[in-house]
There are 2 protein chains.
Amino acid sequence: MKHELDIETAASILKLLGDKTRLTMIKILSNHECCVCEFVALFQMTQPAVSQHLRKLKDSGLVKETRKGQWVFYSLNPSHPYHSFVCNVISDLPNQLSKLEELEARGERISCD
Amino acid sequence: MKHELDIETAASILKLLGDKTRLTMIKILSNHECCVCEFVALFQMTQPAVSQHLRKLKDSGLVKETRKGQWVFYSLNPSHPYHSFVCNVISDLPNQLSKLEELEARGERISCD
DNA sequence: TGTTTACATAAGGATATGCTTATATAATAA
DNA sequence: TTATTATATAAGCATATCCTTATGTAAACA
């Protein structure tokens, strides 16, 4: 059941992805969920700046949030009609696992298992 | 011989594609070369506006131009290192052939064969 | 309860973007 | 040569974008 893509909607999604910070966020989220403070630690960026990028992604519906205690975790929303389009766009990008490994090494990785 | 993609460069390309006009141009150019006046006829847009979009695409190197007499034809540049990335991004978008057919029907299609 | 931690939102400013109109250039035609 | 057609460039303007700082809110903890 393939979704019929619309070029105008696609453009608005590519515009969202056309920012280094958000594109990296999406690539990371395609492998792991992350909370805001992890992104703050990953990008050298203030917390409001990170929150504002996440809000844009959330407003588009590409990303969803789940509160787990004091943390808010973000993850890709696989039921978004353009989810597979986005996955295709980011498929060949280098994965950002090394960044998460740095976090882990610095003891800044949050996990709620 | 796969090219190693860089997430920052990819973001700047997605930003270029994140505009309805430019995304449509690229999709059309992936099938046909076009001259400026065809795009002016296709998009209801002034000629300078069209030229400025094409200039951005040309400056990125994704698109190249060839003068044929009084016309300047634009086409995708297949030797750009991110050419296949772009082709992948636009692969599932609806082709814009109907727009070109309208042009043809109105006698506004330019051809230099 | 009060404090700390995690996050969101508001307001403001610098810069970028995408159009407009006016004008310049390049090729062709008369 | 002059006029016409196709295209590019310049300048200006309205709006969007992305950051900043300040502040609000929600959960956890002492």
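Note on naming: letters A, B, ... go to the chains in the order of the sequence lines (proteins, then strands), and numbering restarts at 1 for each one. These figures come from a predicted structure and were not determined experimentally.
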All pairs passing ring-ring contact (aromatic ring centres under 6.0 Å, His included) where residues 45-70 of chain A contributes a residue, at least two apart: none
Any R55(B) side-chain N or O less than 4.0 Å from OP1/OP2 of dT9(D): yes
Side-chain N,O (H53(A)) to OP1/OP2 (dC19(D)) below 4.0 Å: yes
What pairs with [X] under salt bridge (charged side-chain N to carboxylate O under 4.0 Å, His left out), at least two apart in sequence or on another chain?
| X | value |
| --- | --- |
| E108(B) | R106(B) |
| R67(B) | none |
| K64(A) | none |

Contact state string [nucleotides 1-7 of chain D, B base, S sugar-phosphate only, - no protein heavy atom under 4.0 Å]: -----SB
Separation of atom [atom1] in [X] from atom [atom2] in [N], rounded to whole Å:
| X | N | atom1 | atom2 | result |
| --- | --- | --- | --- | --- |
| K56(A) | dT9(C) | NZ | P | 14 Å |
| E33(A) | dC7(C) | CD | P | 12 Å |
| Q52(B) | dG18(C) | CD | P | 10 Å |
| M45(B) | dT17(C) | CE | P | 15 Å |
| L54(A) | dC19(D) | CG | P | 12 Å |

For Y74(A), all residues meeting side chain to side chain donor-acceptor pair (under 3.5 Å), sequence neighbours excluded: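 Y74(A): side chain to side chain donor-acceptor pair (under 3.5 Å) contacts with E65(A).
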Sub-4.0 Å heavy-atom contacts from residues 7-29 of chain B onto DNA chain D, ordered by number: none
Contacts table for residues 39-52 of chain B: side-chain donor-acceptor under 3.5 angstrom, sequence neighbours left out:
{"residue": "T46(B)", "atom": "OG1", "partner": "A49(B)", "partner atom": "N", "Å": "3.4"}
{"residue": "Q47(B)", "atom": "NE2", "partner": "S51(B)", "partner atom": "OG", "Å": "3.3"}

Non-hydrogen atoms of L93(B) and V89(B) that approach each other most closely: CG-O, 4.4 Å
Residue pairs, two or more places apart or on separate chains, that pass salt bridge (Lys or Arg N to Asp or Glu O under 4.0 Å) and touch residues 23-37 of chain B: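 Output for this query lists E33(B)-K68(B).
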